[in-house]
Protein chains: 2
Amino acid sequence: MSTSRPTINDVATRAGVSKSLVSLALSGSTKVSDASRQRIVDAVAELGYRRNAAARSLAVRRSHTIGVLILDLHNPVFAEILDGVQIEVREHGFSTMLISGGADPELERAEIETLLQFQVEGLVLIAHRLPASVLRAIAADVPTVVVTRDDIAVPNMDSVSNDDVAGARLAVNHLVELGHSRIVHLDGGENPVSHARADGYRLAMTQHGLSEHIRVVPGGLTDAKGYAAACEALSSSPTALFVANDVAAIGAIAAVENSNLRVPEDISVIGYDGISIGGLRRLNLTTIAQPLADLGRLAAQHMLYRINNRTAPAVRQHVSATLVIRGTTGRLKTRA
Amino acid sequence: MSTSRPTINDVATRAGVSKSLVSLALSGSTKVSDASRQRIVDAVAELGYRRNAAARSLAVRRSHTIGVLILDLHNPVFAEILDGVQIEVREHGFSTMLISGGADPELERAEIETLLQFQVEGLVLIAHRLPASVLRAIAADVPTVVVTRDDIAVPNMDSVSNDDVAGARLAVNHLVELGHSRIVHLDGGENPVSHARADGYRLAMTQHGLSEHIRVVPGGLTDAKGYAAACEALSSSPTALFVANDVAAIGAIAAVENSNLRVPEDISVIGYDGISIGGLRRLNLTTIAQPLADLGRLAAQHMLYRINNRTAPAVRQHVSATLVIRGTTGRLKTRA
DNA sequence: CATACTTGTTGGAGCGTTCCAACGAAAGGT
DNA sequence: ACCTTTCGTTGGAACGCTCCAACAAGTATG
């Protein structure tokens, strides 16, 4: 008794009532007399009693917890999405259990398994690298929603993402309006999101009658890859670069400046994502901003809805990204 | 049966053994015959059985989960510390339950309460804003370790932090070696960490015989505050700025450049923390880097040790930060 | 050949909750 | 006076698991 935690029984004896009444009082039932309630509250305080969530979840067969898998905590994009998720689920009385994928996709699966053992009532996957088969199995088990990807259609699984094709077109439109036509795209490598952005670029270029200027340089989603891709792109003397994401765009700017060209005077650069550091004065990056927190909030909403409607048809929601004009794009100067 | 999850009993009947044997097999006991084990493994697969962590934790009275409170997920410093924590605890078979503080310190407390209800076996507080009294109560209840702060001494509570005074001296030493003497410190506002860094600055300046050049400009830990503080600092035409953290340093650089001065040619700037974005080529920030992942790993180690040694004396560990020289500091040029 | 130990297995108790059926007491209706 | 409600309260079963004592059946020991 002295060493281990007090239980509901200890509270009951101390308050001179039954454990059932304590349980009732704890869950805020109205059918408890004021006198009893007061005695219970006192006993709780005196003993430092705390409900055991494991026992509770066993008894009610609900964990009031949702699991969140986040691909990479370092990527500020994901942190901001997570924010939205947390706010939304908290409002509905849920806790979150968070795991971050790390390098190994196989580990990602194991971690999800842990989450499921904890009987999470829903799963939010903020990006992921799971094959369709695994996704299908998971979604069949527990309400699941995927954020930032919508390439794998699974019954009973919702997705929330921005429309990357439309976003890319926004970027190209902006550059065209500034007078650019030699617009090169530094792509983000082999992943569905990057493919969609590249497609949007090609589409927009074609629509503006610039199809002969279409040039996609293979890149990646990191600073270093953006730098390398930009170095290569410069060979065809573009006047503007549309880069697959913000981090790579920052790398690209460094490459441009290293070649003694100025941004945006000589070359305009626009990124994609809208990560908060893009707003740092030193970077001041023009970008296509995803409404990150909204993405998270919406995802959580879908999941919460699905908890009560397990068989609801799959929702694939797209939210639109917006152009954020900062300092790295400018009007084309006719080179003398 | 059809709708709800299979239990250990379902597996037992299916495999034609007792639930006890299933339990044994699941926990990898050697006292299970190969024949039985195989049947159990098959039954598990066929039924899609998954251990119920809540029931398990209730029975063994251990949750194998540790709670992590992270002040602010957006701050890359904390994300990197978290990484270290995760790696370490995972190796020891623990899961983590993560909560992020958000704006309201009161909410922080409530979230910790949730964590405790889940019977977490330990708590890692990655920065926090809790008063000593609360800290004391928590640490008395559950093994707790604080990262990046060591200003509040509580029995049975460990802390791991970098020595901010020493780190600040490293920064000043570096600048002095480059020939600077008009070194201004942009501080980080009213918090223990920033105070320590300012103290270190003053100490080092004095030791170099530069006490008459000591100047501390009130700032903060954000881009905007760094910018503002730098603007003010420029009035005394310094040759170098030592800024309280990296994010503010990036803001300071923007301010310097806006005044048509170049970094590092006209003014050197050094930050503190070693966040990964400081390494972006476009920023290329010289800084005092805390070994962030190590901080997390060590914290987890102390906590894991304390789980088995509840009354171990409090450890207050300091790890040393290191100077990372990049492109924002340079040798003083004697202005012509 | 009895005794002891080993190996594989089992039922039951217990972990801390919630929830249900059931209760006595007080109150209301006729 | 009786029956019916309502109110506050209660014990016990259940949730899914682990662990302990116990037990057959086989193996080794003296």
Side-chain angles (χ1 to χ4, degrees), chain A residues 1 3-41 43-44 47-65 93 95 114 116-121, chain B residues 1 3-41 43-44 47-65 93 95 114 116-121:
Chain A
M1 283 301 132
T3 162
S4 82
R5 307 212 101 86
T7 77
I8 199 173
N9 280 303
D10 300 329
V11 175
T13 17
R14 176 115 187 177
V17 297
S18 73
K19 60 170 177 31
S20 307
L21 197 61
V22 176
S23 175
L24 242 29
L26 254 33
S27 53
S29 159
T30 58
K31 352 196 59 183
V32 179
S33 71
D34 289 348
S36 304
R37 163 159 288 125
Q38 192 53 54
R39 305 242 299 290
I40 291 170
V41 169
V44 165
L47 295 171
Y49 168 76
R50 190 144 44 216
R51 253 183 180 160
N52 183 326
R56 179 182 167 78
S57 118
L58 187 58
V60 301
R61 289 136 104 195
R62 295 200 56 177
S63 63
H64 285 285
T65 301
S95 306
T114 309
L116 293 176
Q117 290 194 359
F118 273 92
Q119 314 296 110
V120 293
E121 296 188 32
Chain B
M1 283 299 133
T3 162
S4 83
R5 307 214 101 85
T7 76
I8 199 172
N9 280 304
D10 300 329
V11 175
T13 17
R14 176 117 189 176
V17 297
S18 74
K19 60 170 177 34
S20 306
L21 197 61
V22 176
S23 175
L24 241 29
L26 254 33
S27 53
S29 159
T30 57
K31 349 197 61 184
V32 179
S33 70
D34 290 347
S36 304
R37 162 160 288 124
Q38 192 53 53
R39 307 242 298 290
I40 292 170
V41 168
V44 164
L47 295 171
Y49 168 75
R50 191 145 44 215
R51 250 182 182 159
N52 183 325
R56 179 182 167 76
S57 117
L58 188 57
V60 301
R61 285 135 112 199
R62 295 200 55 175
S63 63
H64 286 284
T65 301
S95 306
T114 308
L116 293 176
Q117 290 194 0
F118 273 92
Q119 312 297 111
V120 293
E121 296 188 31

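If you're wondering where the values come from, they're calculated on a predicted model, not measured in any experiment. Labels below follow one simple rule: chain letters A, B, ... track the order of the sequence lines, proteins then strands, and each chain is numbered from 1.
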Could you state the atom-to-atom distance from [atom1] of [X] to [atom2] of [N] in whole Å?
{"X": "Asn52(B)", "N": "dC17(D)", "atom1": "CG", "atom2": "C1'", "value": "8 Å"}
{"X": "Arg61(A)", "N": "dT17(C)", "atom1": "CZ", "atom2": "P", "value": "18 Å"}
{"X": "Ile8(B)", "N": "dC15(D)", "atom1": "CD1", "atom2": "P", "value": "14 Å"}
{"X": "Arg51(B)", "N": "dG16(D)", "atom1": "CZ", "atom2": "P", "value": "16 Å"}
{"X": "Arg62(A)", "N": "dG16(D)", "atom1": "CZ", "atom2": "C1'", "value": "18 Å"}
{"X": "His64(B)", "N": "dC17(D)", "atom1": "NE2", "atom2": "P", "value": "15 Å"}
{"X": "Asn9(A)", "N": "dG12(D)", "atom1": "CG", "atom2": "P", "value": "12 Å"}
{"X": "Gln119(B)", "N": "dT17(C)", "atom1": "CD", "atom2": "P", "value": "8 Å"}

Got a second to check how far Ile8(B)'s CD1 is from Leu47(B)'s CG, nearest 0.5 Å? 12.0 Å
Residues within residues 16-40 of chain B bordering DNA chain D, heavy-atom distance below 4.0 Å: Lys19(B), Ser20(B), Ser23(B)
Heavy-atom side-chain contact between Arg5(B) and Gln119(A) under 4.5 Å: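 The answer is yes; the side chains approach within 4.5 Å.
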Would a 4.5 Å heavy-atom cut-off, applied to side chains only, mark Arg56(B) and Gln117(A) as touching? no
Five pairs at each end of the helix from dC1(C)-dG30(D) to dG29(C)-dC2(D): take the axis at both ends and give me the angle between them to 10°.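 Roughly 50° between the end axes, to the nearest 10°.
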Can you give me the closest heavy-atom contact between Arg37(A) and Val32(A), atom names plus distance? NH1-O, 3.7 Å
When you check the side-chain N and O atoms of Ser36(A) and Ser33(A), is any donor under 3.5 Å from an acceptor? yes
Is the backbone of [Y] close enough, under 3.5 Å, to the side chain of [X] for a donor and an acceptor to pair up by distance?
{"X": "Glu121(B)", "Y": "His64(B)", "answer": "yes"}
{"X": "Arg39(B)", "Y": "Ala15(B)", "answer": "yes"}
{"X": "Thr65(A)", "Y": "Ser63(A)", "answer": "yes"}

So what does Arg50(A) touch, heavy atoms closer than 4.0 Å: a base, only the sugar-phosphate, or nothing? sugar-phosphate
